[in-house]
Undergrad: 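Take a look at the following structure, please.
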There are 2 protein chains.
Amino acid sequence: MTKIEIGQIIKERRVYLGITQKDLADIVGISLRSLVDIENGNGNPTIDQLNKILNALGLTLKISTV
Amino acid sequence: MTKIEIGQIIKERRVYLGITQKDLADIVGISLRSLVDIENGNGNPTIDQLNKILNALGLTLKISTV
DNA sequence: TATAAATATGTATTATAATACACATTAAAA
DNA sequence: TTTTAATGTGTATTATAATACATATTTATA
């Protein structure tokens, strides 16, 4: 699962929930710029920041064997 | 899935594969210190770094609904 | 089609992840 | 045991993620 795929999932989920990038960034407590970059596969977020975003969207990280 | 849980999974998998921290760090191309911190739930790695470690261990990140 | 809302990007600064090095502690082997 | 390998930690430095701000651009709405 690449950064691009992660960004796509976040974006799809956010749109599905009908939230703007600005609102989600505010809810999560991160900058709009960071969220935009993550959704577009730019940027290289930390686990903490990624988890904050996923939690706000009702998503969670998992690790599985390939 | 918290940083601590992620660290535990990485450590368990590494031990299962019979690799030392030093060797895994070299294989992955990161510092021993970073790996130690991640395994112990200290540190806050980026997706890239986490993915490099997981890939070397035959593991992968996934995102799922809660 | 104007206007506003939402999304996206360039640049500079700040916060912090990653590293290097030394050294301590713990576990394993001789 | 003692010697070595493996794991863990403190501190300083470097690399880079996160942010702030201004400003496009694209999309939606009046």
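Order of the sequence lines sets the chain letters (A, B, ...), proteins ahead of strands, with each chain counted from 1.
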Undergrad: Quick one: are B/Leu57 and B/Ile9 in side-chain contact, heavy atoms under 4.5 Å?
TA: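 Answer no - side chains too far apart.
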
Undergrad: Report the distance from atom OG1 of A/Thr60 to atom CD1 of B/Ile63, rounding to the nearest 0.5 Å.
TA: 9.0 Å

Undergrad: What are the atom names and distances for every N/O pair under 3.5 Å that joins the protein to nucleotides 23-25 of chain D?
TA:
none

Undergrad: Out of curiosity, B/Asn44 CG to B/Lys3 NZ, how far, rounded to the nearest 0.5 Å?
TA: 4.5 Å

Undergrad: In Å and rounded to the nearest 0.5 Å, what is the CG to CG distance from B/Leu61 to B/Asn51?
TA: 5.0 Å

Undergrad: Does A/Ile10 form a side-chain contact (heavy atoms from CB on, under 4.5 Å) with A/Leu50? I'd like the steps, not just the answer.
TA: CA-CA 10 Å; A/Ile10 289 172; A/Leu50 180 59; 3.9 Å; yes

Undergrad: Rounded to the nearest 0.5 Å, what separation is found between the CD atom of B/Gln8 and the CE atom of B/Met1?
TA: 8.5 Å

Undergrad: Using a 4.0 Å heavy-atom cut-off, write out nucleotides 5-22 of chain D from 5' to 3' as B (base contacted by protein), S (sugar-phosphate only) or - (no contact).
TA: -SSSBBB-----SSBB--

Undergrad: Charged N to carboxylate O under 4.0 angstrom, B/Lys52 versus B/Asp48?
TA: no

